[in-house]
Engineer: 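Have a look at this one before I ask anything.
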Amino acid sequence: EILTKKFVVGFMDDAEETVYRIMKYFDWAFEEDETVRMQQEDCIKDLITGRTNAAVVKYDIPKRGSQAQALIKWQTQFDIKLYEYARELFE
């Protein structure tokens, strides 16, 4: 219930839809001038496709079935449940 009433849920793999939902929630709108509107839309697309949220540090992914993978799975079990619930709300 808290997630539905206190948060705007969005996902980077559907970033454009997320931006439009945030705009709607905050009652933001693009400028009426067509040229400015296109610049604003392009700016959003550039931010989304520019991978501004991508990790720059490379790391090895633990092998499936390893102790490291089991530990990560245990430590993130509630994060995964929250993610799955948020994904349901987003759909």
Side-chain angles (χ1 to χ4, degrees):
E1 187 176 340
I2 291 173
L3 202 56
T4 59
K5 294 185 179 194
K6 305 252 182 200
F7 292 89
V8 178
V9 175
F11 293 92
M12 288 305 296
D13 62 348
D14 201 351
E16 195 165 343
E17 175 65 22
T18 296
V19 168
Y20 289 116
R21 288 183 185 200
I22 291 169
M23 289 178 69
K24 182 178 178 183
Y25 180 82
F26 287 106
D27 199 26
W28 295 339
F30 290 113
E31 292 290 328
E32 300 219 7
D33 178 271
E34 189 64 28
T35 303
V36 176
R37 179 187 178 95
M38 288 172 51
Q39 290 172 338
Q40 291 171 331
E41 290 173 343
D42 288 346
C43 180
I44 289 170
K45 286 183 179 137
D46 288 345
L47 287 171
I48 291 168
T49 59
R51 300 194 39 87
T52 58
N53 195 37
V56 293
V57 177
K58 300 292 182 196
Y59 54 88
D60 295 330
I61 297 174
K63 291 187 179 8
R64 185 164 274 171
S66 69
Q67 184 178 3
Q69 193 256 352
L71 179 60
I72 291 169
K73 187 175 180 179
W74 179 79
Q75 287 178 326
T76 60
Q77 62 184 319
F78 298 110
D79 298 325
I80 292 168
K81 288 180 183 184
L82 179 62
Y83 172 85
E84 290 169 348
Y85 179 62
R87 181 54 81 177
E88 284 178 30
L89 294 177
F90 189 78
E91 302 300 324

Engineer: Take atom CE of M38 as the centre, draw a 6.0 Å sphere, and report whether it contains more than 12 heavy atoms from other residues, nucleotides or ligands.
Structural biologist: no
Engineer: Measure the CD-OG1 distance between E16 and T49 for me, rounded to the nearest 0.5 Å.
Structural biologist: 9.5 Å
Engineer: Tell me, with the steps shown, if D79 and E84 meet side chain to side chain contact (heavy atoms under 4.5 Å, CB included).
Structural biologist: CA-CA 9 Å; D79 298 325; E84 290 169 348; over 6 Å; no
Engineer: Applying the 4.5 Å side-chain criterion to the ILVMFWY set and letting contacts propagate, would I80 and L3 be lumped into a single cluster?
Structural biologist: no
Engineer: Mark yes when over 12 heavy atoms from residues, nucleotides or ligands other than I61 sit less than 6.0 Å from its CD1; otherwise mark no.
Structural biologist: no
Engineer: What pairs of donor and acceptor atoms, side-chain ones from residues 25-37 against any protein atom, are under 3.5 angstrom apart with sequence neighbours left out?
Structural biologist:
{"residue": "D33", "atom": "OD1", "partner": "T35", "partner atom": "N", "Å": "3.1"}
{"residue": "D33", "atom": "OD1", "partner": "V36", "partner atom": "N", "Å": "2.9"}
{"residue": "R37", "atom": "NE", "partner": "E41", "partner atom": "OE2", "Å": "3.2"}

Engineer: Calculate, to the nearest 0.5 Å, the distance between atoms CD1 and CD belonging to I22 and E17 respectively.
Structural biologist: 10.5 Å
Engineer: Donor-acceptor check, side chain of T76 to backbone of I72, threshold 3.5 angstrom: yes or no?
Structural biologist: yes
Engineer: Please tell me if the side chains of V19 and K45 come closer than 4.5 Å, counting only heavy atoms from C-beta onward.
Structural biologist: no
Engineer: First locate atom CG of D14, then atom CD1 of I48, and finally report the distance between them rounded to the nearest 0.5 Å.
Structural biologist: 9.0 Å
Engineer: Start with the C-alpha gap between Y85 and L89, add the side-chain angles, then the distance that decides, and say whether side chain to side chain contact (heavy atoms under 4.5 Å, CB included) holds.
Structural biologist: CA-CA 6 Å; Y85 179 62; L89 294 177; 3.7 Å; yes
Engineer: Indicate the atoms forming the closest heavy-atom contact of K63 with Q69, along with that distance.
Structural biologist: O-CB, 3.4 Å
Engineer: Can you tell me how far the OG1 atom of T18 sits from the CE atom of M12, to the nearest 0.5 Å?
Structural biologist: 8.0 Å
Engineer: With rounding to the nearest 0.5 angstrom, report the NZ to CG distance, K73 to L71.
Structural biologist: 12.5 Å
Engineer: Give a yes or no on whether F11 and V8 share a hydrophobic cluster (residues Ile, Leu, Val, Met, Phe, Trp, Tyr; joining criterion: side-chain heavy atoms under 4.5 Å apart).
Structural biologist: no
Engineer: Just wondering, more than 12 heavy atoms not from Q67 lying within 6.0 Å of its CD?
Structural biologist: no
Engineer: Nearest 0.5 Å, what's the CZ-CG distance between F90 and D13?
Structural biologist: 8.0 Å
